[in-house]
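Keep in mind it's a predicted model, so treat the numbers as computed, not measured. Counting convention: from 1, in listed order, for ligands and their atoms alike.
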Amino acid sequence: MDIVVSGIRPTGCLHLGNYFGAVKNFLKMQDENNCYFFIADYHSLTTHPNPVDLHGNVKQVLAEYIACGLDYEKSTIYLQSNLQETCELYLFLNMNAYIGELERCTSFKEKIRKHPDNINAGLFTYPVLMAADILIHRANKVPVGKDQEQHLEMARTFANRFNRIYKSDFFPEPLAYNFGQQLVKIPGLDGTGKMGKSEGAGNAVFLSDSPEEIRKKLMKAVTDSGPTIPNQEKPESIQNLFTLLNVMSSEDTVKYFEDKYNDCTIRYGDLKKQLAEDIINYTNPIREKIKDVYENNELIKKIVNTGTEKAKQSAMENIKQVREIIGFRNF
Ligand code: TYM
């Protein structure tokens with residue numbers, strides 16, 4: 001049986017990128033594997049959230065996990081901050097993580113470019129904490145979106161290095177995983193790059209957005225003045241809309257708009273309207289459930305308690321062995 005670990009930072013509501021990059025895979029994996037799905041609340045501290053926001057966002061993501069269909073009896077659902085064993089492993093792994101490799105990490109370089117006033121050590125060692133999250137359960141599969149590929153490569157490096165230094169085979173090599181195919185990148189609505197919470201207002205469609213909000217966001221999505229030559233290549237902003245259409249809409253719908261693009265008769269307004277309705281239909285049942293779960297404090301408490309207990313068992317057993325391997329032994 002595979003051991004599966006993944007997490008999401010609680011920095012707001014989940015968007016379609018989180019859903020199709022991560023959560024949808026969690027759902028497909030939870031029946032047949034030993035799954036640990038957590039909320040990466042330690043990781044979210046790099047941006048210094050205030051305590052009330054942090055707590056509310058953790059609850060929101062928990063509610064969204066459940067509303068999407070995660071089953072707390074099949075999977076272990078917990079908060080990263082309830083598993084202090086992860087911190088100890090993070091410390092051990094930090095001893096074998098080199099400054100040069102951390103400096104070369106793309107997400108770190110991007111963060112320091114965007115936030116030069118907050119280049120903290122937590123940000124610098126972010127991939128080490130992530131490796132600790134994964135290795136604390138000795139996971140071999142990690143369902144994530146394309147943007148996390150490099151972090152997973154680093155987790156493999158840290159796992160292999162630990163094994164080499166201590167002449168052990170304790171840690172498996174964790175693989176970035178997408179059920180059945182390649183890792184996905186869901187584009188945003190602003191014409192460039194990926195869908196993300198910090199990419200500016202209107203770039204992301206959230207699972208909890210109302211139908212009106214979704215329609216409004218889609219209508220504002222960046223496009224161009226339209227194709228003028230039959231079968232011409234699509235610029236990035238248009239390709240992004242087609243990528244979303246491929247994920248959200250039926251094959252017939254995709255073909256209809258592809259044909260219209262290729263013979264230069266496409267009206268982007270029609271495409272956006274169709275895409276908005278398909279997103280609304282897809283997210284309707286999830287949106288309704290999020291509110292119910294969010295308001296059910298008893299259920300949330302039960303999920304966290306059950307998950308923490310199960311996660312603790314695995315983490316305590318593994319950290320005990322790691323301590324032994326390193327040479328922290330009882331007299
Ligand atoms: P985070 O919170 O940025 O994103 C959570 C998950 O959503 C995926 N994702 C996307 N996938 C496709 N297209 C997009 N536009 C898109 N945006 C986000 C991410 O790939 C991710 O799978 N470092 C992680 C959290 C983490 C973690 C871990 C994950 C901490 N420890 C251990 C796996 C294992 C992060 O910041 O994800």
Inset, instruction - Quick one: do Ile136 and Tyr90 satisfy side-chain contact (heavy atoms from CB on, under 4.5 Å)? Show the steps, please. - result: CA-CA 9 Å; Ile136 196 70; Tyr90 170 53; over 6 Å; no
Legend entry - Numbered atoms of ligand 1 (with element) below 4.0 Å of Gly145, judged on heavy atoms: 11 (N), 19 (C), 20 (O), 22 (O)
Inset, instruction - Please could you name the atoms of ligand 1 that His15 approaches to less than 4.0 Å, counting only its heavy atoms? - result: 17 (N), 18 (C)
Legend entry - Step-by-step ring pair (Phe, Tyr, Trp, His ring centres under 6.0 Å) determination, Tyr282 to Phe20: CA-CA 12 Å; Tyr282 196 99; Phe20 288 100; 5.5 Å; yes
Legend entry - Numbering as shown, the atoms of ligand 1 that approach Val142 to under 4.0 Å (heavy-atom distance): 33 (C), 34 (C)
Legend entry - Contact partition for Val144 relative to ligand 1, non-hydrogen atoms under 4.0 Å: both
Inset, instruction - Side-chain contact test, heavy atoms from C-beta onward, threshold under 4.5 Å: evaluate it for Cys68 versus Tyr19 and give yes or no. - result: yes
Inset, instruction - Say whether Ile186, considering both its backbone and side-chain N or O atoms, lies within less than 3.5 Å of an N or O atom on ligand 1. - result: yes
Legend entry - Sub-4.0 Å heavy-atom contact, Phe20 with ligand 1: no
Legend entry - Within reach of ligand 1, part of Lys185 (heavy-atom separation under 4.0 Å): backbone
Legend entry - Protein heavy-atom partner closest to atom 35 (C) of ligand 1 - residue, atom, separation in Å: Tyr126 OH, 3.5 Å
Legend entry - Side chains of Thr306 and Glu73 in contact at under 4.5 Å (non-hydrogen atoms): no
Legend entry - Atom indices of ligand 1, in the order listed, that fall short of 4.0 Å to a heavy atom of His43: 30 (C), 31 (N)
Inset, instruction - Please assess Lys74 against Asp31 for the test salt bridge (charged side-chain N to carboxylate O under 4.0 Å, His left out), listing each intermediate value before the final yes or no. - result: CA-CA 7 Å; Lys74 289 183 192 159; Asp31 286 327; 2.8 Å; yes
Legend entry - Residue, atom name and distance, where the atom is the protein heavy atom closest to atom 12 (C) of ligand 1: Val184 O, 3.3 Å
Legend entry - Ile134: which of Leu89, Val4, Leu152 passes side chain to side chain contact (heavy atoms under 4.5 Å, CB included): Leu152
Legend entry - Which residue and heavy atom of the protein sit nearest atom 4 (O) of ligand 1, plus the separation: Asn18 ND2, 3.4 Å
Inset, instruction - Using a 4.0 Å heavy-atom threshold (strictly under), name the region of Thr11 that reaches ligand 1: side chain, backbone, both or neither. - result: neither
Legend entry - Lys234 bridged to Glu258 by N-O distance under 4.0 Å: yes
Legend entry - For atom 10 (C) of ligand 1, closest protein heavy-atom neighbour: Gly17 O, 3.2 Å
Inset, instruction - Would you check whether Gln148 has a nitrogen or oxygen atom less than 3.5 angstrom from a nitrogen or oxygen atom of ligand 1? - result: yes
Inset, instruction - Report yes or no: does Gln80 have a heavy atom closer than 4.0 Å to ligand 1? - result: no
Legend entry - Closest protein heavy atom to atom 2 (O) of ligand 1, given as residue, atom name and distance to 0.1 Å: Arg9 N, 2.9 Å
Legend entry - Met195-ligand 1 polar pair, N/O distance under 3.5 Å: yes
Inset, instruction - Using a strict 4.0 Å threshold on nitrogen-to-oxygen distance, state whether Glu101 and Arg161 make a salt bridge. - result: yes
Inset, instruction - Please say whether His151 places an N or O atom under 3.5 Å from an N or O atom belonging to ligand 1. - result: no
Inset, instruction - Among all protein heavy atoms, pick the one closest to atom 28 (C) of ligand 1 and tell me residue, atom and distance. - result: Met130 CG, 3.3 Å
Legend entry - Protein residue, atom and distance nearest to atom 25 (C) of ligand 1, heavy-atom basis: Gly7 O, 3.5 Å
Inset, instruction - Return the residue, atom name and 0.1 Å-rounded distance of the protein heavy atom closest to atom 19 (C) of ligand 1. - result: Asp147 OD1, 3.4 Å
Legend entry - For Lys194, atoms of ligand 1 separated by under 4.0 Å from a heavy atom: 15 (N)
Inset, instruction - Could you tell me which non-hydrogen atom of Lys272 sits nearest to which non-hydrogen atom of Thr223, and how far apart they are? - result: CE-CG2, 3.7 Å
Inset, instruction - Tell me which part of Phe38 gets within contact of ligand 1: side chain, backbone, both or neither, using heavy atoms under 4.0 Å. - result: side chain
Inset, instruction - Enumerate the atoms of ligand 1 whose separation from the nearest heavy atom of Ser6 is less than 4.0 angstrom. - result: 29 (C), 33 (C), 34 (C)
Inset, instruction - Search all heavy atoms of Asn178 against all heavy atoms of Val184 and return the closest pair with its distance. - result: ND2-CG1, 3.8 Å
Legend entry - Candidates Phe92, Phe158, Phe162 - the one meeting ring pair (Phe, Tyr, Trp, His ring centres under 6.0 Å) with Phe171: Phe162
Legend entry - Element-labelled atoms of ligand 1 that are located less than 4.0 Å from some non-hydrogen atom of Ala40: 30 (C)
Inset, instruction - Apply side-chain contact (heavy atoms from CB on, under 4.5 Å) to the pair Tyr72 and Leu299, showing each step before the final yes or no. - result: CA-CA 10 Å; Tyr72 72 97; Leu299 176 65; 4.2 Å; yes
Inset, instruction - Take Lys109 and Glu103, measure what salt bridge (charged side-chain N to carboxylate O under 4.0 Å, His left out) needs, and give me the verdict at the end. - result: CA-CA 7 Å; Lys109 287 196 277 196; Glu103 273 173 347; over 6 Å; no
Inset, instruction - Report the relative orientation of the aromatic rings in Tyr261 and Phe242; use parallel for angles under 30°, tilted for 30 to 60°, perpendicular for over 60°. - result: perpendicular
Legend entry - Residue portion contacting ligand 1 (non-hydrogen atoms closer than 4.0 Å) for Ile134: side chain
Inset, instruction - Determine whether Asp41 and Val61 make a side-chain contact, defined as any pair of heavy atoms from C-beta on separated by less than 4.5 Å. - result: no
